[in-house]
Amino acid sequence: MSIHLHWFLPTGGDGRTLVDRHAYAAADTGRSGIGPVSGVRAPDIDYLTQIAKAAEHLGFEAVLTPTGTWCEDAWLTTAALAQHTKRLRFLVAFRPGVLSPVLAAQMAATYQRITGGRLLLNVVTGGDSTEQRRFGDHLDHDQRYARTAEFLSVVRGAWRGEPYDFAGEHYRIEGGLTALPPDPLPPVFFGGSSPAAGPVAAEHADVYLTWGEPPAQVREKIGWIRGLAERAGRDVRFGIRLHTISRDSAKQAWAVADRLLDDLDAETVAAAQRALGRSESVGQQRMLALHGGSRDKLEIAPNLWAGVGLVRGGAGTALVGSHAEVADRIEEYHALGIDHFVLSGYPHLEEAYWFGEGVAPELAARGLLATSTGGARAPLTHGHPAPTPGGAPLLVAGGR
């Protein structure tokens with residue numbers, strides 16, 4: 001099976017640094033302030049359009065768009081960007097706790113029609129109670145996953161095009177429907193590392209998405225979800241979320257990683273680790289355990305660098321090395337069962353080109369990428385080439 005490459009839209013800001021541009025860090029960490037951060041770029045529509053067009057030009061299938069207090073709204077931003085692109089799909093993130101599932105089904109159907117089938121829905125269960133409460137959601141961690149399961153059941157029911165009733169702990173729906181269902185129906189990606197997340201993935205996900213852990217841990221996680229899915233009579237595919245630093249030589253790539261660390265003083269790292277340590281997300285705790293807040297031995301597996309996770313939540317690891325070495329690691333994850341690679345880098349515009357012009361040709365030469373005329377990867381539906389206008393997967397994941 002071919003590898004599917006996706007990029008990232010930094011709707012919370014971007015730049016030549018790992019230090020977050022937002023002053024919210026002071027409120028979340030107890031610091032008096034973080035001061036101006038150099039080398040940052042605001043997520044205005046002109047800059048995001050550059051990234052979206054670059055991703056499309058380089059053959060990425062889609063761009064992941066995050067959700068949260070510190071991001072621009074994913075629905076509105078990507079709807080605007082769809083007018084500046086032709087084939088690129090958008091992984092639009094939102095939280096099930098703050099939106100009706102029938103309304104979400106309707107929004108997805110509308111989005112599919114106005115973009116020619118280029119929407120991917122990223123349903124974020126949420127692993128931080130403080131963040132959830134900002135949006136009026138007061139359920140605990142496990143209850144949020146139970147609600148996500150009901151949410152996805154209702155969304156699929158509403159997409160049948162006929163009145164749908166549902167009675168659960170979190171939703172009571174009478175006659176819910178989407179008058180014009182999306183065509184094709186979007187598949188589901190889902191992320192979560194806790195015991196509460198596993199059964200939801202097994203019963204509802206088409207693709208299970210994990211953050212970039214070392215291969216041995218990824219293999220274990222794949223085995224866990226695959227076993228649960230088999231017992232549920234289902235088949236689940238797998239994806240991974242990683243940053244990348246790829247250069248013509250390994251020495252150049254690691255020099256870039258070292259430069260990113262230069263911005264991180266001890267106070268910045270300690271404050272970020274305190275804030276991240278309060279997260280209820282099991283996946284986030286697994287990310288933190290990879291480095292323990294220390295700069296020592298950040299290469300936790302060959303070409304897998306945990307430096308991003310010193311100050312950033314969500315995906316905290318990067319593939320670092322020459323183009324061939326990064327391709328080697330992607331091929332290694334692919335051999336474990338990973339098909340979808342959701343990638344990013346700082347800054348996202350430049351790193352898209354480093355990867356797209358360096359690593360992607362290596363993968364193509366190994367026969368791992370589906371290609372179409374003009375060199376761009378063909379759009380895919382349910383893991384297969386899609387007819388025009390093409391279908392759109394629905395992503396369920398968490399974090400950045």
Side-chain angles (χ1 to χ4, degrees), residues 1-8 55 60-66 89 91 93 120 122 124 127 187-194 197-198 201 205-226 229 236-246 281-284 286-287 289-290 299-309 312-321 325-345 348 351-352 355 359-360 362-363 366 368-369 377 380 383 393-400:
M1 184 177 291
S2 298
I3 284 173
H4 309 296
L5 296 177
H6 313 286
W7 198 244
F8 185 85
F60 290 99
E61 295 180 24
V63 283
L64 171 63
T65 308
R89 299 176 181 180
L91 285 60
L120 298 84
N122 180 3
V124 180
V188 175
F189 287 49
F190 180 90
S193 298
S194 68
D206 297 304
V207 178
Y208 175 84
L209 192 63
T210 180
W211 286 328
E213 299 178 358
Q217 295 182 27
V218 170
R219 180 188 296 110
E220 180 182 0
K221 190 175 285 186
I222 288 174
W224 169 50
I225 297 298
R226 183 170 284 154
V236 176
R237 303 192 304 277
F238 297 91
I240 195 167
R241 174 80 180 89
L242 287 158
H243 304 282
T244 66
I245 303 174
S246 172
S281 167
V282 174
Q284 183 63 72
R286 289 169 69 102
M287 284 283 102
L290 295 177
E299 187 177 5
I300 57 176
N303 304 107
L304 185 64
W305 182 67
V308 177
R312 288 273 178 170
T317 54
L319 297 178
V320 181
E325 288 174 335
V326 172
D328 287 342
R329 300 288 78 79
I330 289 176
E331 190 169 10
E332 181 180 8
Y333 281 116
H334 183 52
L336 297 177
I338 299 292
D339 297 321
H340 291 261
F341 291 80
V342 184
L343 308 171
S344 55
H348 287 75
E351 290 300 330
F355 185 94
V359 181
E362 286 274 350
L363 296 171
R366 302 178 192 192
L368 295 174
L369 296 183
R377 257 69 70 197
L380 294 149
L394 179 146
L395 278 174
V396 183
R400 291 180 284 179

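Computed from a prediction, not measured in an experiment: that's the story for all the values here.
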Least distance between heavy atoms, V207 atom then G239 atom: CG1-N, 3.6 Å
Between S193 and V282 (side chain of the first, backbone of the second, donor and acceptor by atom type, cut-off under 3.5 Å), is there such a pair? no
Taking the side chain as every heavy atom from C-beta outward, state whether L5 and L363 have any pair of such atoms under 4.5 Å apart. yes
Roughly how far, to the nearest 0.5 Å, is the CD1 atom of I3 from the CG atom of L369? 6.0 Å
Within a strict 4.5 Å, meaning less than it, do heavy atoms of the W305 and L319 side chains meet? no
Using ring centroids (six-membered ring only for Trp), state whether F341 and H6 fall under 6.0 Å. no
Salt bridge flag under 4.0 Å for residues E213 and K221: yes
If we ignore hydrogens and angles and just use 3.5 Å, is the side chain of N303 paired with the main-chain N or O of G321 as donor and acceptor? no
Does the pair N122 and T65 meet the rule for a side-chain contact (heavy atoms from CB on, under 4.5 Å), with working shown? CA-CA 8 Å; N122 180 3; T65 308; over 6 Å; no
Which atom of T244 lies closest to which atom of A318, heavy atoms considered: N-CB, 4.3 Å
To the nearest 0.5 Å, atom CG of L64 lies from atom CG of L91 at 5.5 Å
Any non-hydrogen side-chain atom of L336 less than 4.5 Å from a side-chain atom of I222? yes
Rounding to 0.5 Å, atoms CH2 (W211) and CD1 (I240) come to a distance of 12.5 Å
Donor-acceptor pair, distance only, cut-off 3.5 Å: does the side chain of H243 make one with the backbone of L343? no
Looking at side-chain heavy atoms only, is the closest gap between S344 and E351 below 4.5 Å? no
Taking the inter-plane angle between the rings of H348 and W7 on a 0 to 90° scale, is it parallel (under 30°), tilted (30 to 60°) or perpendicular (over 60°)? perpendicular
Do Q284 side-chain atoms and G314 backbone N/O form a donor-acceptor pair below 3.5 Å? yes
Would you say the side chain of I330 lies within less than 4.5 Å of the side chain of V359, judging by non-hydrogen atoms? yes
Contact between L304 and Y333 at the side-chain level, heavy atoms closer than 4.5 Å - yes or no? yes
Side chain proximity check, S246 to V326, heavy atoms < 4.5 angstrom: yes
Could you tell me which non-hydrogen atom of F8 sits nearest to which non-hydrogen atom of V63, and how far apart they are? N-CG1, 4.3 Å
Does the plane of the ring in W224 sit parallel, tilted or perpendicular to the ring in Y208? Use 30° and 60° as the thresholds. perpendicular
Return the minimal non-hydrogen interatomic distance between L290 and P214, and the atom names on each side. CD2-CD, 3.8 Å
Here the gap from H340 atom NE2 to T210 atom OG1, rounded to the nearest 0.5 Å, amounts to 14.5 Å
Shortest non-hydrogen contact from A93 to V124? CB-CG2, 4.0 Å
CG-CD distance between L120 and E61, expressed to the nearest 0.5 angstrom: 9.0 Å
Verdict with supporting geometry, D206 and V236, side-chain contact (heavy atoms from CB on, under 4.5 Å): CA-CA 5 Å; D206 297 304; V236 176; over 6 Å; no
Testing the basics here: between L209 and R241, what is the closest heavy-atom pair and its distance to 0.1 Å? CD1-N, 4.4 Å
Identify whether the distance between the nearest side-chain nitrogen and carboxylate oxygen of R366 and E362 falls below 4.0 Å. yes
Within a 6.0 Å radius of atom CD on E299, are there more than 12 heavy atoms belonging to other residues, nucleotides or ligands? yes
Supply the atom-to-atom distance H334 NE2 to H4 NE2, rounded to the nearest 0.5 angstrom. 8.5 Å
